[in-house]
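The first residue in the sequence is number 1, and the count goes up from there.
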Amino acid sequence: IPCAEESGLILPLGEWVLRTACRQCKTWEEQGHHVNIAVNLSTRQFQDPQLAYKIQQVLKETQLTPSKLELEITESAAMLDPEASIEVMNKLKALGIRFSIDDFGTGYSSLGYLKRLPADIIKIDRSFVREIHNKPDDFAIVRTILALGDTLEKRCLAEGIESSDHFEVLRDLGCHYGQGYWISRPVGAAAFQTLLATHSVEALGQA
């Protein structure tokens, strides 16, 4: 990815990933599965002046409902140029697209700008989750982020859930969403299709 960023290949690569993900989500939608798809945007993509146009074209081509698409940007990428980030995010939010702030807590966000960022979801970095059941400091940080998310009316997702201990602590704290190997390792579309066939989306979301 660093090489793709430096060479500029990340732009066509990122567009291919976005199109492929949206097309797959549309396929699941046509099969009656009500799932959303989240796609990471690199820093270079997020700074692309043609980003909004390209996303609109992909949505038009794949016929995916915009609200089914969630774009993930890192906290540090959003803060490189906060005013420009807010403008781009508002433009895409107007289409119905959702945003999440990835790796939250590892950058240097101004709370003033964080309040203005039109993100729907705050993703709690795995470094705070890894020892949440053993270290009071990590527990306190996650609890504070959840309280901040609640105050800003944003949902929270915990990354790096690797055990039932992680899950139970986060559930008791009221975390809305989670991801990690304890829930599922990364799988391809065919394997995920099997999960959809054997579990309800609600069960997968609550797992």
Distance in Å, [X] [atom1] paired with [Y] [atom2], rounded so as to fall on 0.5 Å steps:
X      : Y      : atom1 : atom2 : value
Met89  : Ile101 : CE    : CD1   : 4.5 Å
Gln31  : Lys26  : CD    : NZ    : 12.0 Å
Leu92  : Phe46  : CG    : CZ    : 8.0 Å
Phe167 : Ile183 : CZ    : CD1   : 7.0 Å
Ile1   : Leu9   : CD1   : CG    : 12.5 Å
Ile124 : Glu159 : CD1   : CD    : 9.0 Å

Can a salt bridge be assigned to the pair [X] and [Y] using a cut-off of 4.0 Å between side-chain N and carboxylate O?
X      : Y      : result
Glu61  : Arg23  : yes
Lys54  : Asp48  : yes
Asp103 : Arg126 : no
Glu168 : Arg171 : no
Arg98  : Glu72  : no

How about [X] and [Y]: do any of their side-chain heavy atoms sit closer than 4.5 Å?
X      : Y      : result
Val142 : Val169 : no
Thr43  : Ile73  : no
His133 : Phe139 : no
Cys3   : Glu6   : no
Asp120 : Lys93  : yes
Ile122 : Ser100 : no
Tyr181 : Ile161 : no
Glu70  : Ile97  : no

Do you see a donor-acceptor pair shorter than 3.5 Å between the side chains of [X] and [Y]?
X      : Y      : result
Lys123 : Gln179 : yes
Asp125 : Ser127 : yes
Thr65  : Ser67  : no
Asn134 : Glu131 : yes

For Leu18, the option from Leu59, Leu69, Leu13, Asn40 that meets side-chain contact (heavy atoms from CB on, under 4.5 Å):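 With Leu18 as partner, Leu59, Leu69, Leu13, Asn40 yield a single side-chain contact (heavy atoms from CB on, under 4.5 Å), made by Leu69.
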
Glu153 CD: over 12 foreign heavy atoms closer than 6.0 Å: no

